[in-house]
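Sequence lines set the chain letters: A, B, ... in the order given, protein chains first and strands last, and positions in each chain run from 1. Predicted model only: the values in this text are computed from it and were never measured. Keep in mind that the numbers below use all heavy atoms, side chains included, and drop hydrogens, waters and symmetry copies.
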Number of protein chains: 2
Amino acid sequence: MNSDFTLAIHSLSLLALRPDRMATSDVISVSAGVHPVRIRKVLSLLKKNGFLQTKEGTGGGFIFASEPSDITLWDIYKLTCDGALKPKCTESSEECIVGANMHNVLFSIFLGAEEHLGEYLKNYTIKEIVDLVNMRQ
Amino acid sequence: MNSDFTLAIHSLSLLALRPDRMATSDVISVSAGVHPVRIRKVLSLLKKNGFLQTKEGTGGGFIFASEPSDITLWDIYKLTCDGALKPKCTESSEECIVGANMHNVLFSIFLGAEEHLGEYLKNYTIKEIVDLVNMRQ
DNA sequence: GGAACTGTATCATTTAATATTACAGTAAGG
DNA sequence: CCTTACTGTAATATTAAATGATACAGTTCC
């Protein structure tokens, strides 16, 4: 699974814990252990979809824009790794009945698999992630 | 998703269509469009788990060992890409409550996700894949 | 106008996936 | 019993994907 997905969850959880003040990409990147540019990249995606707000310039950064209970892991999945389950089929022989059709058959099955996974991921919101993080402390 | 998974399905489907005679790794590799050594590697895994039989030497190759309707995609998933859904968390800061606990929280959620995916994949057997392939012809 | 940010493009580096080569072991058939 | 056609598997090379790093334009605040 794409690590952009976990990065997004990580960042949103961190922001959910400080709903009052902004966090810079530097602060988040230290917590997540990655390069600040990656944080900016991933979070700009979340911004475009209205999950958080940003502010440039001095004192700027990222801040939660909605309710942690309104964002599900499925929302984040769709943004960061839609199609990740899709099978990577190599160019197979068109002359063989299996080679010629396997890709399409698997594609439709995996479309269903992703939908199915979606039903599971919809059960978890950022609020629940934060609660679980707090419980472990 | 790991392409060993699709390779295994491809190979098994091909073998299911010729239950009477053996197929060599060369034949399968042409159909699947990959290197024969990879076929041998993936199929040796399937052999170890009793899904097919092999024979070395002249006239040897791979042959189905069980019923196509007895092998589900979940069986194959477990062999070829168990844990593939597991989030790739980077080393995050132990000093931050989020960084210190995110990994464990996500890990347990993804364990559940994989189980959930399993319920879906159990609905498909090699027999059904072969039927779908035939229908498309 | 300078300091502290985001936004984004580009290039470098690391890591994972896959292909290739090589060869030992096994079975069949002359 | 020797040759041919296979699997099994290790080692190495190559390619592709993920990630990191650098650079800099645009914004906001003081």
Side-chain angles (χ1 to χ4, degrees), chain A residues 1-8 10-11 14-15 18 21-30 32-65 80-92, chain B residues 1-8 10-11 14-15 18 21-30 32-65 80-92:
Chain A
M1 175 77 60
N2 197 329
S3 77
D4 281 1
F5 181 65
T6 59
L7 264 185
H10 190 123
S11 306
L14 200 148
L15 292 176
R18 43 193 287 173
R21 59 218 165 98
M22 300 204 118
T24 68
S25 61
D26 268 30
V27 166
I28 301 173
S29 77
V30 168
V34 298
H35 201 276
V37 171
R38 260 192 88 198
I39 297 290
R40 299 209 283 270
K41 244 182 246 171
V42 172
L43 294 197
S44 84
L45 241 181
L46 295 179
K47 177 198 178 183
K48 275 170 194 152
N49 287 74
F51 295 132
L52 44 76
Q53 291 185 321
T54 67
K55 205 172 106 186
E56 302 183 14
T58 306
F62 301 87
I63 197 165
F64 227 98
T80 57
C81 38
D82 197 33
L85 240 51
K86 197 161 49 190
K88 294 179 208 134
C89 286
T90 47
E91 283 299 314
S92 53
Chain B
M1 176 75 59
N2 198 330
S3 77
D4 280 2
F5 182 66
T6 60
L7 264 185
H10 190 124
S11 306
L14 200 148
L15 293 177
R18 43 193 289 173
R21 59 217 165 98
M22 300 205 116
T24 67
S25 60
D26 268 29
V27 166
I28 302 172
S29 77
V30 167
V34 298
H35 201 276
V37 171
R38 258 192 90 196
I39 297 290
R40 298 209 285 270
K41 244 182 246 172
V42 171
L43 294 197
S44 83
L45 241 180
L46 295 178
K47 177 198 177 182
K48 275 170 194 153
N49 287 75
F51 296 130
L52 44 77
Q53 290 186 321
T54 68
K55 204 172 106 187
E56 301 183 14
T58 306
F62 300 87
I63 197 165
F64 227 98
T80 57
C81 39
D82 196 34
L85 241 51
K86 197 161 48 188
K88 295 179 209 134
C89 287
T90 47
E91 283 297 315
S92 52

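Residue Lys88(B) contributes atom NZ, which lies 18 Å from atom P of dT14(C) at whole-angstrom precision. Following rounding to the nearest Å, Met22(A) (CE) and dT27(D) (P) show an atom-to-atom distance of 16 Å. One atom, CG of Leu7(B), and another, P of dA19(C), lie 8 Å apart when rounded to the nearest Å. The interatomic distance linking Lys55(A) (NZ) with dT6(C) (C1') rounds to 12 Å, in whole Å. Computed from coordinates, the Glu56(A) CD to dT27(D) P distance equals 7 Å when rounded to whole Å. Taking atom CD of Gln53(A) as the reference point, atom C1' of dT27(D) lies 16 Å away to the nearest angstrom. We find that CD1 of Ile28(A) is positioned 12 Å from C1' of dC5(C), with the value rounded to whole Å. Computed from coordinates, the Leu45(A) CG to dT8(C) C1' distance equals 13 Å when rounded to whole Å.
In this model, the phosphate group of dT6(C) is approached by a side-chain N or O of Ser25(A) to a distance below 4.0 Å at OP1 or OP2. For dT20(C), one of the phosphate oxygens OP1 or OP2 lies less than 4.0 angstrom from a side-chain nitrogen or oxygen of His35(B). Between Lys47(B) and dT7(D), a side-chain N or O to OP1/OP2 separation shorter than 4.0 Å is absent. For Ser3(A), a side-chain nitrogen or oxygen approaches OP1 or OP2 of dT19(D) to under 4.0 Å. Distances shorter than 4.0 Å separate none of the side-chain N or O atoms of Ser44(A) from OP1 or OP2 on dT6(C).
Residues from residues 36-43 of chain A that place a heavy atom under 4.0 Å from any atom of DNA chain C, listed by number: Val37(A), Arg40(A).
A salt bridge is defined here as a Lys NZ or Arg NE, NH1 or NH2 lying under 4.0 Å from an Asp or Glu carboxylate O, and Asp4(A) with Lys41(A) fails to meet this definition.
At a cut-off of 3.5 angstrom, counting only N and O atoms as typed in the model, there is no donor on one side facing an acceptor on the other between the side-chain of Thr54(B) and the base of dT7(D).
Counting only N and O atoms by type, the side chains of Arg40(A) and Thr24(A) include no donor and acceptor under 3.5 Å apart.
For the pair Asn2(B) and Ala23(A), both in contact range of DNA chain C, the more 5′-proximal nearest nucleotide belongs to Ala23(A).
Looking at every heavy atom in both residues, Ala65(A) comes nearest to Gly50(A) through CB-O, 3.7 Å. The nearest pair of heavy atoms linking Thr54(B) to Met22(B) is C-CE, 4.2 Å. Listed here is the closest heavy atom pair of Ser3(B) and Arg38(B): OG-NH2, 2.9 Å. For Ile39(A) against Ile28(A), the heavy-atom pair with the smallest separation is CD1-CG2, 3.7 Å.
The Val34(A) side chain lies nearest to dG20(D) when the options are dT7(D), dT19(D), dG20(D). Side chain of Lys48(A), nearest nucleotide from dA5(D), dT7(D), dT8(C): dT8(C).
Listed for the Asp26(A) side chain is no donor-acceptor partner under 3.5 Å among the backbone atoms of Pro36(A).
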